[in-house]
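Residue numbers run from 1 in the order of the sequence given.
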Amino acid sequence: MSKIIVALLQLYRFTISPLLGARCRFTPSCSQYGIEAVTRYGVVKGGWLTTRRLCRCHPRGGCGYDPVP
């Protein structure tokens with residue numbers, strides 16, 4: 001299951017993301033963060049970490065370096 005999620009994130013990263021332009025406030029980007037989190041922790045915990053990261057990505061949210069724990 002994690003391979004499917006990683007493949008979908010990579011598909012987004014290389015097809016849709018370039019059309020939208022660089023909008024991520026964090027380093028690594030949210031899609032790269034998601035790939036690392038799912039690869040390291042699995043679908044459930046990695047998905048939860050990625051969801052939390054996406055919720056922080058708003059105009060009044062943080063910015064800067066935010067690695068996968």
Problem set entry | Transitive ILVMFWY side-chain link V43 to I35, under 4.5 Å | yes
Exercise. Roughly how far apart are D66 CG and R52 CZ, rounded to 0.5 Å?
Worked result: 9.0 Å
Problem set entry | Where L54 and C30 come nearest, the two heavy atoms and their spacing | CD2-CB, 3.8 Å
For this session: Can you sort out the partners of I16 under side chain to side chain contact (heavy atoms under 4.5 Å, CB included), two or more places apart, ordered by chain and number?
Result: Y12, L20
Problem set entry | Distance, nearest 0.5 Å, that separates CD of Q10 from OG1 of T15 | 11.0 Å
Problem set entry | L9 to G34 - nearest heavy-atom pair and separation | CD1-C, 3.6 Å
Seminar exercise, completed: Value for CD (Q32) from CZ (F26), rounded to nearest 0.5 Å, stands at 15.5 Å
Exercise. Looking only at heavy atoms, which two atoms of S29 and C24 are closest? And how far apart?
Worked result: CA-SG, 3.7 Å
Problem set entry | Inter-residue atom distance I4.CD1 - L11.CG, 0.5 Å rounding | 13.0 Å
Problem set entry | Non-hydrogen atoms of R40 and P69 that approach each other most closely | NH1-O, 3.3 Å
Exercise. What are the two closest non-hydrogen atoms of R53 and T27, and how far apart are they?
Worked result: NH2-N, 4.1 Å
Exercise. Taking all atoms of both residues into account, what is the closest heavy-atom pair of P18 and R13, and its distance?
Worked result: CD-O, 3.4 Å
Exercise. Would a hydrophobic clustering, with Ile, Leu, Val, Met, Phe, Trp and Tyr connected at side-chain separations under 4.5 Å, put V38 with M1?
Worked result: yes
